Protein chains: 2
Amino acid sequence: MQTNNIGFLLTDIIRLMRREYSKSDLCMTPMQARALVYVSRYEGVKQVQLAEMLDIQPITLARLIDQLAEDRLIERRPDPKDRRAYGLYLMEKSTPLLEKIDIEVTRVHEKALQGLSEEQVAVLRDALAVMHTNLSADSSL
Amino acid sequence: MQTNNIGFLLTDIIRLMRREYSKSDLCMTPMQARALVYVSRYEGVKQVQLAEMLDIQPITLARLIDQLAEDRLIERRPDPKDRRAYGLYLMEKSTPLLEKIDIEVTRVHEKALQGLSEEQVAVLRDALAVMHTNLSADSSL
DNA sequence: CAATTATTATATACATTGCTTACTATATTC
DNA sequence: GAATATAGTAAGCAATGTATATAATAATTG
């Protein structure tokens, strides 16, 4: 049993990246930022769809959206065709914030990946994508 | 701003690995398992040292140790030379559990890494190690 | 040797992210 | 029209992490 296996490394890296993000003045958590980024990319998305994209439970997303809505970064607009559902839309305040998020993400990426060649980063990215796919596959079927 | 950046990928993979581990019958959390593995590798280690190895706060580790000690997997033995400190030692019950952990870690690794060549895995592992080092560096100095 | 400082472990309180289960309101289907 | 499915939420819990504070003990310094 090794103490430097890949799972341990990943756990550490996530924790370290979280620390790095907390040094910024974004005043939001990584998942909040992520949800906001997704809304900006898929404006009008419904919560169920977004929860599926993020692979989290709808209730987990609901609370994220609560926070973002309370901060007036996004809003829930009633779906005209389905009175149960809401579409998620950006509000004005989010535009400059999204720019800051982008800068911050770039900063952390650069810090994390420094010293790695483009090729290494490409292999890393591909390997992580494969791992994601492998782990998403539901073997219980 | 991309929705498939490396930080997002890592976050997802950690969550998916956690789910995968929860399917096992280990009845312990990843961090508990990790702490147990470290104790098995560095038997007699003191809590402060172990917290440093895991790069977590001493209080975070203290609670992990509480849980493992309550389950009679490890024990705190008073340090003969320092009455403030304890050495951490395995108890009998942990031997078969460590074997099960090893099997489970191998299973999840194989599921996560399937389809990747040995070379890709090697690059992945190296890249993650570099990222860990990069992010551990305290740039505030 | 006495006083200050540092270290070890823990306590308390909190935030974030995640889960399960259950519920309401509304759509859809039989 | 009744049964079923879906969108969103509520309540409660667990795991992991943080900051700050405190008690006990060691180490250092004057």
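Lettering of chains follows the sequences in order, A, B, ..., and the numbering in each one begins at 1. Note that the structure is a prediction, hence the values are computed from the model and not measured.
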Distance, rounded to the nearest Å, where [X] contributes [atom1] and [N] contributes [atom2]:
X     : N      : atom1 : atom2 : value
A:Q32 : C:dT16 : CD    : P     : 7 Å
B:R19 : C:dT20 : CZ    : C1'   : 13 Å
B:R18 : C:dT16 : CZ    : C1'   : 12 Å
A:I14 : C:dG18 : CD1   : P     : 10 Å

Partner residues of [X] under the salt bridge (Lys or Arg N to Asp or Glu O under 4.0 Å) criterion, sequence neighbours left out:
X      : answer
A:K100 : A:D25
A:R63  : none
A:R77  : A:E75
B:D82  : B:R84

Donor-acceptor list for residues 85-99 of chain B side chains, cut-off 3.5 Å, not counting sequence neighbours:
residue: B:K93; atom: NZ; partner: B:D71; partner atom: O; Å: 2.8
residue: B:S94; atom: OG; partner: B:M91; partner atom: O; Å: 2.6
residue: B:T95; atom: OG1; partner: B:E92; partner atom: O; Å: 3.3

Handout entry: N/O donor-acceptor pair under 3.5 Å between B:T60 side chain and B:I56 backbone
Key = no
Practice task
Enumerate the residues from residues 43-52 of chain B whose closest heavy atom to DNA chain D is under 4.0 Å, giving them by residue number; use none for an empty result.
Solution key: none
Fill in the blank from the handout: Under a 4.0 Å heavy-atom cutoff, the residues of residues 55-67 of chain A touching DNA chain D are A:P58, A:I59, A:A62
Handout entry: chain B footprint on DNA chain D, 5' to 3' - any atom under 4.0 Å from a heavy atom
Key = D:dA15 to D:dA26
Practice task
Select base, sugar-phosphate, or nothing to describe what A:R34 touches, counting heavy atoms under 4.0 Å on all strands.
Solution key: nothing
Exercise for the section: Taking the side chain as every heavy atom from C-beta outward, state whether B:R76 and B:Q47 have any pair of such atoms under 4.5 Å apart. Expected result: yes
Handout entry: Min side-chain heavy-atom separation B:M28-B:L68 under 4.5 Å
Key = yes
Handout entry: Residues B:E110 and B:R107 bridged, charged N to O under 4.0 Å
Key = no
Handout entry: side-chain hydrogen bond (donor to acceptor under 3.5 Å, both in side chains) contacts touching residues 8-19 of chain B (sequence neighbours left out)
Key = A:R34-B:D12, A:D55-B:R19, A:H132-B:D12, B:D12-B:R15
Handout entry: Interface with DNA chain C, restricted to residues 75-86 of chain B and to heavy atoms under 4.0 Å
Key = B:R76, B:R84, B:A85, B:Y86
Handout entry: Gap between atom CG of A:D66 and atom CD of A:Q32 - 0.5 Å precision
Key = 10.5 Å
Solution key, residues 112-121 of chain B side-chain donor-acceptor pairs under 3.5 Å, sequence neighbours excluded:
residue: B:Q114; atom: NE2; partner: B:K111; partner atom: O; Å: 3.4
residue: B:S117; atom: OG; partner: B:E119; partner atom: N; Å: 3.4
residue: B:S117; atom: OG; partner: B:Q120; partner atom: N; Å: 3.0
residue: B:S117; atom: OG; partner: B:Q120; partner atom: OE1; Å: 3.4
residue: B:Q120; atom: OE1; partner: B:S117; partner atom: N; Å: 2.9

Fill in the blank from the handout: Grouping ILVMFWY residues whenever side-chain heavy atoms fall under 4.5 Å, the cluster of B:V123 otherwise contains A:V123
